[in-house]
Amino acid sequence: MARPVLILAALLGGALIAAQASAQDAATDASADRGRDLVLKHCSRCHSLAPTGPSSEPSAPPFRDLHKRYPVENLGEALAEGILVGHPQMPEFRFGPDDVTAVIDYLNRIQSGTAKPNP
């Protein structure tokens, strides 16, 4: 009798873990969508957000290629404190903690080639 209870407990535990992972994935997707909206608003004038092609500002790297220059996770501090370097026309700006997370989630998504097309 104990064996069916253990099997049921294992199945329920697995279902709970899967549900938590699904909720985390959905939260990350929502955050990445918000990050996409932020970079569309603040960055797309110079940086390409498209899957291919150059940026409109030649010295502004396409966002899909940022991982080739910087570890994306390391950009969080610069986004929060204000990016002071970059291409010559780049304005100084600062993002709040939730916005930093959203932009990093978006950047991580497009580095892997899974970004949703621009609206």
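Note that the structure is a prediction, hence the values are computed from the model and not measured.
Asp99 contributes atom CG, which lies 7.5 Å from atom NE2 of His42 (distance to the nearest 0.5 angstrom). With values rounded to the nearest 0.5 angstrom, Arg109 atom CZ is found 13.5 Å from Ile104 atom CD1. Taken from CG in Leu38 to CG in Leu79, the straight-line distance is 10.0 Å, to the nearest 0.5 Å.
Residue pairs meeting the salt bridge (charged side-chain N to carboxylate O under 4.0 Å, His left out) criterion with at least one member in residues 60-71, sequence neighbours excluded, are Asp65-Lys68.
Among residues two or more places apart in sequence or in another chain, the side-chain contact (heavy atoms from CB on, under 4.5 Å) test is passed with Ser44 by Leu40, Leu49. Listed by chain and residue number, nothing satisfies the ring-ring contact (aromatic ring centres under 6.0 Å, His included) test with His67 (two or more places apart in sequence, or in another chain).
Taking every heavy atom of both residues into account, Pro62 and Gly53 meet most closely at CG-O, 4.0 Å.
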Could you give me the CA-CA distance, side-chain angles and deciding distance for Val103 and Tyr106, then say whether side-chain contact (heavy atoms from CB on, under 4.5 Å) is met? CA-CA 5 Å; Val103 170; Tyr106 173 71; 5.6 Å; no
CA sep, side-chain torsions, deciding dist, call: Gln111, Val72, side-chain contact (heavy atoms from CB on, under 4.5 Å): CA-CA 9 Å; Gln111 303 314 302; Val72 171; 3.8 Å; yes
Decide yes or no on side chain to side chain donor-acceptor pair (under 3.5 Å) for Glu57 and Ser59, but give the supporting numbers first. CA-CA 6 Å; Glu57 168 57 47; Ser59 60; 2.9 Å; yes
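Thr101 is not listed as a side-chain neighbour of Arg34, based on a closest heavy-atom distance of 4.5 Å or more.
Remark: side-chain polar atoms of Thr28 are not paired, donor with acceptor, to backbone N or O of Asp105 under 3.5 angstrom. Formation of a donor-acceptor pair under 3.5 Å by the Ser55 side chain with backbone atoms of Ser48 is found in this model.
Remark: Arg36 does not engage Asp29 in a salt bridge, criterion side-chain N to carboxylate O under 4.0 Å.
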